[in-house]
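Structure first, commentary second.
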Amino acid sequence: MKMGEQLEKMYDVELKPGAGEAYVCNLTKPEFAEVMATDIPKEPLPDHEMVPVALRKLDRMRKERKSVQLYLDICVRCGACIKQCHYFIGTGDPKNTPVGRAELLRKVYRAHFTISGKLFGSLVGAQKLTPEILKNEWYKYFYQCSECRRCSVFCPYGIDQAEITMAGREVLNSVGLAPKYVTQVISQVYKHGNNLGIPEPAFKYNCQFLEEEIKETTGVDVKIPVDKEKADILYLPPSADLFTNTDTMIGVAKVFHAIGADWTMSTYASEAANFGLFFSYDDMKTINLRVVETAKKIGAKLVIFGECGHAWRAARQFMEAMNGPLPFKFMNILEFTADLLRKGKLKNIDKSRNDDVVVTLHDPCNYARAGDLVEETRYVIQQVCNNFHDMDPSVTKERTFCCGGGGGLLTEELMELRMKGGLPRATAVKEVVEAHGVNYLAAPCAIDKAQLPLVMQHYNIPVQVGGIHDLVGKALILEGQEEFEAKKKAEEEAAKAAAAAVPAVCGLCDAEFATMDECCEHAEKDHKISKEQCDMACEPKEGAGAAAVPAVCGLCDAEFATMDECCEHAEKEHKISKEQCDMVCESKQ
Amino acid sequence: MGVLANFVVNVLPYITLVVFVVGVVYRIAVWWSRPSPAPIPVFPGQRSVGDAVVRVLADVLLFRSLFRFSGNRILWLGSWLFHISFGLILLRHLRYFLGAEAVPGWVNALQGIGVAAAVVISVPLLYLLLRRIVHADIKWISTPADYFVLLLILSVVLSGLYAKFFAKPFVVDVKYVIRSLMAFQPVDLDKVYLSTSFLVHFFLVQVLFMYIPFSKVMHFGGVFFSPTRTHYFGGESHTKSQEEV
Ligand code: HEM
Ligand code: SF4
Ligand code: SF4
């Protein structure tokens, strides 16, 4: 099948009104609602209070945001956006089309705030607000929008449904219809500085752990600094990079090390992500303020945001507007690395180390449509990998499809919806897998890295999902790393040789040999077993392996070529019987 | 008939004018005055006013965004034809507003094209109407108002064509009406020949223009304010190069 054909078919969506009604977020708990920067009720208001409060908030939203007022006013319902939404493609529910979703709010706006709506009612599509509309329509369908903004690209007026969704959610907040998932995540940021709620000691411990891991694989002392008092660069990882996507964090640390950067992370602002974007401007601003304050405190000249899509939108479009002016510059880690590569500052790159992967790229929505970031991602991948294939152009760059889990929907109770919303992305990946044998889906976003593996599994697509800096980390060779690797390799070979030098026995005829090689030769000659398959016949002689290993006496530190020799020494010098030899003698490894 | 005609010709136009102008100005003033808390351009992320102007113009003149609509260039074509024809028709009507000596050459040159456009426009109009009935998803999102405005424009077009080709008014008569109105002089209905079809056309046009400020047709003004298109990335702090640091 040609690229694009499966995608083409995907757009034949059967209309299933009401299909989305099954998906609804769990409501927040009072302890989360309480700590939000936005003043919201701890639980849903009683029905008779809901409508006036909601209308007051809606009125404020349209007056405070040009986008909301305009996009409520000018939609012509041409339908160009209908099939651009992954949740509509996945569910077939017309209320999940961008225009259908917006109409849920627009009809209320018309009824209460426009002349034509007041005069002509349902003739112009106006409907008065009821608690049921809030609970059954808004609360459900505004949390079936991932604020991906794909609809806006195709709309003749650029109507951005995400703006309506954000306003709708703020109205919902005001009447206490807030989701548990988003409020919990935000409350964790306020308490621990990051989405996952990792407390300071654990955060630091994990950084040490990653340092050790780098040391073990590269032999280089790469630092992952936390809470340095002064630093030129403040780095904000998505906190998941310290737990689940550690290869991304390692890649980033290696880049900083390679150029000798003076960088640090902070436990006060240990999170790039900003769930305020999915909840309210007030919380977005408050979360972001932690970053700005930290950067000011440590005198950072540059703030770098890690691989996370919506984090980049919150930074790129809101940070300066909300908490500016900023006494520092900021950029995305992909811009940073791309710039280093372009200027040849990452000298030792061995692309062939990524030859085991054939890569495609999922453009995170917020990189592509809100963050001005589509070239750098591709550039970096191509600088560190030999095999890269883009998906069909109808689903990349500004037309990228959401992973299905963005916008605050990455929660367990929405799993079915998330899988349905992942359909377009899965279809596009399937095409490149079939056409080019792609086996690595690069997804430089923490939400993607949580959502896409599930989607790929759901649709049976055999690809690994990972970050871009995972690949950078693999290809980037640090000073001293090659020597270390050579040494390690030599050691491994010596160990192998040592193993080969062990006396062996042929399993087929019980003949004994001084070395494995001799046994293998015998097996080939006498039993017609090729040397590659030698292990089918030859085994190391029992106990020989261990005995041949160099040993050291724990009592006097004397060293011996074999365990046996050590045991003899122990018996003679320390009066320890050979049976108890393991009490003193240890193998040297 | 006499009273009604008198109302449509001598009274309603001023009401229409006031409603249209005040309405449109008010709606635009509202959009104009609403604040934007943050820049929210959608890719490719305009970098300057110039970028934003180019982008909006491409949308206004070529319906560029609509053109991207994968797999459905027919909507783009239908929509664009509809609007370009509408524009040409409007321009053609300019000659009724200008004195004989003041009609510029290009308005005269437009007469033929304008009449052709009036014939052509029915096709995209019918297409726009039909797709709302035929496609289940578009039918679902359509409100009565969406059909109404299409039918209204269609009836404006048809009544105009009828008046022109079958009732054949004299250009001088129409011009006399318009020029009188512009000079705030009442039209003496006995002095001119105005067919019923012309009166119907004239009436419907006024209904359309009075309806515009209250309806989605205001998109013609709104498209110039759309934040995802008009905003551009300002701010000095973002950088794509670490050397600037
Ligand atoms: C800057 C000028 C304008 C632009 C860029 C513009 C653009 C568009 C676009 C892209 C559509 C959607 C496609 C469609 O459904 O046909 C549309 C629809 C529409 N436009 Fe305009 N338009 C403009 C001015 C006007 C004007 C002056 C009118 C006056 C009658 C008008 C009347 C309509 C109507 C009635 C529709 C709805 C068609 C339908 O229901 O399917 N437009 N316009
Ligand atoms: S594409 Fe834009 S104008 Fe058309 S229906 Fe969707 S939101 Fe409305
Ligand atoms: S922003 Fe994305 S999820 Fe929301 S309506 Fe638009 S296309 Fe659908």
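Below, chain A is the first sequence line, B the second, and so on; all start at residue 1.
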So what's closer than 4.5 Å to chain A heavy atoms on [X]: side chain, backbone, both or neither?
{"X": "B:W32", "answer": "backbone"}
{"X": "B:V30", "answer": "side chain"}
{"X": "B:W140", "answer": "side chain"}

Using side-chain heavy atoms (C-beta onward) and a distance below 4.5 Å, is [X] in contact with [Y]?
{"X": "B:T143", "Y": "A:K107", "result": "no"}
{"X": "B:F63", "Y": "A:P156", "result": "no"}
{"X": "B:F214", "Y": "A:L119", "result": "no"}
{"X": "B:P37", "Y": "A:M322", "result": "no"}
{"X": "B:M218", "Y": "A:D73", "result": "no"}
{"X": "B:V42", "Y": "A:V153", "result": "yes"}

With a cut-off of 6.0 Å (strictly less than), are more than 12 heavy atoms of other residues, nucleotides or ligands near [atom1] of [X]?
{"X": "A:K16", "atom1": "NZ", "result": "yes"}
{"X": "B:Y162", "atom1": "OH", "result": "no"}
{"X": "A:L123", "atom1": "CG", "result": "yes"}
{"X": "A:R60", "atom1": "CZ", "result": "no"}
{"X": "B:F203", "atom1": "CZ", "result": "no"}

Return the option, out of B:P144, B:A38, B:A136, with the maximum number of heavy-atom pairs under 4.5 Å with chain A.
-> B:P144
Contact leader toward chain A among B:S36, B:P39, B:S33, where contacts are heavy-atom pairs under 4.5 Å | B:P39
Identify the heavy atoms of [X] and [Y] that sit nearest to each other, and give their distance.
{"X": "A:A80", "Y": "B:L66", "answer": "CB-CD1, 3.5 Å"}
{"X": "A:K83", "Y": "B:D137", "answer": "CE-OD2, 3.6 Å"}
{"X": "A:K66", "Y": "B:F225", "answer": "CD-O, 3.9 Å"}
{"X": "A:V76", "Y": "B:H219", "answer": "CG1-ND1, 3.2 Å"}
{"X": "A:R77", "Y": "B:I141", "answer": "CD-O, 3.1 Å"}

Is it the side chain or the backbone of [X] that comes within 4.5 Å of chain B heavy atoms, both, or neither?
{"X": "A:P17", "answer": "side chain"}
{"X": "A:L326", "answer": "both"}
{"X": "A:S152", "answer": "both"}
{"X": "A:E398", "answer": "both"}
{"X": "A:L70", "answer": "both"}
{"X": "A:V68", "answer": "neither"}
{"X": "A:F328", "answer": "backbone"}

[atom2] on [Y] to [atom1] on [X], rounded to 0.5 Å:
{"X": "A:K329", "Y": "B:T239", "atom1": "NZ", "atom2": "OG1", "value": "6.0 Å"}
{"X": "A:I74", "Y": "B:S215", "atom1": "CD1", "atom2": "OG", "value": "12.0 Å"}
{"X": "A:E103", "Y": "B:S142", "atom1": "CD", "atom2": "OG", "value": "9.5 Å"}
{"X": "A:M331", "Y": "B:K240", "atom1": "CE", "atom2": "NZ", "value": "9.0 Å"}
{"X": "A:C155", "Y": "B:R229", "atom1": "SG", "atom2": "CZ", "value": "7.0 Å"}

Partner of B:H238 under side chain to side chain contact (heavy atoms under 4.5 Å, CB included), chosen from A:E335, A:M319, A:E320, A:Q317 = A:E335
Decide side-chain hydrogen bond (donor to acceptor under 3.5 Å, both in side chains) for A:Y71 and B:S226; before the verdict, give the C-alpha distance in whole Å, the side-chain angles of both, and the deciding distance to 0.1 Å.
-> CA-CA 8 Å; A:Y71 296 156; B:S226 179; 2.8 Å; yes
For A:R313 and B:I40, indicate whether the former's side chain and the latter's backbone hold a donor-acceptor pair under 3.5 Å.
-> no
Any sub-3.5 Å donor-acceptor pair from B:T228's side-chain atoms to A:G158's backbone N or O?
-> yes
With chain B, the option among A:G100, A:A368, A:G324 that has the most non-hydrogen atom pairs under 4.5 Å is A:A368
